[in-house]
Amino acid sequence: MTTPDDLELQHTLVTATHRYDDLRMREALAAMSPGDDGTALSPAETLEMLALSEVVIRKAGYGRQATVRSARAAGVSWTQIGAALGTSKQAAWEAHQRWIDEQAHQREPETGRPN
């Protein structure tokens, strides 16, 4: 079975989005042409599309947080970042802080202590 972790190593955001769009288009065309088995997705392709949707979300999230970090480095306020994200400054800051904490947690050795 294809997992998001497997696909994340194989795709960039662009290639994951392209493959997802190809599968989604085939799925939509199959829905418009019932009985045309040539366009219907196989169970494996349906699961691949689902896993790809998670990959796209993850990779877009990484890019979003990297851009928040760049914006802060450029002197952009949390109020401006929140507005650009369609949220409050507090929600933007909290989301970014959670991402930083998750990154730090992923780099902790198995002892549970930070590097």
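If you're wondering where the values come from, they're calculated on a predicted model, not measured in any experiment.
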[X] [atom1] to [Y] [atom2] distance, which is reported to the nearest 0.5 Å:
| X | Y | atom1 | atom2 | answer |
| --- | --- | --- | --- | --- |
| L29 | L41 | CG | CG | 10.0 Å |
| L50 | L23 | CG | CG | 11.5 Å |
| Q65 | Q103 | CD | CD | 9.0 Å |
| T17 | D22 | OG1 | CG | 11.0 Å |
| Y20 | H18 | OH | NE2 | 14.5 Å |

**Q.** With Q80 via side-chain hydrogen bond (donor to acceptor under 3.5 Å, both in side chains) - residues at least two apart
**A.** S77

Over all heavy atoms of both residues, which pair between [X] and [Y] is shortest? Give the atoms and the distance, please.
| X | Y | answer |
| --- | --- | --- |
| T2 | A51 | O-CB, 4.0 Å |
| G82 | A92 | CA-CB, 3.9 Å |
| A60 | L13 | N-CD1, 4.2 Å |

Q. Would R58 and E54 pass as an ion pair if we require N to O under 4.0 Å?
A. yes

Q) Are D101 and R98 within salt-bridge range, i.e. N to O under 4.0 Å? A) no

Q | Sidechain-backbone polar pair: K59 side chain, H11 backbone, donor-acceptor under 3.5 Å | A | yes

With side chains defined as the heavy atoms from C-beta onward, is the minimum distance between [X] and [Y] less than 4.5 Å?
| X | Y | result |
| --- | --- | --- |
| W78 | Q90 | no |
| R64 | L85 | yes |
| R26 | E45 | yes |

(Q) So, applying side-chain contact (heavy atoms from CB on, under 4.5 Å) with L52, which one of I57, T15, D21, L7 is it? (A) L7

Q | is_close_aromatic(H96, W93), centroid dist under 6.0 Å | A | no

Q. Counting only heavy atoms not in R24, do more than 12 sit closer than 6.0 Å to its CZ atom?
A. yes

(Q) Tell me whether M49 shares a hydrophobic cluster with V55, the cluster being built from Ile, Leu, Val, Met, Phe, Trp, Tyr side chains joined at under 4.5 Å. (A) yes

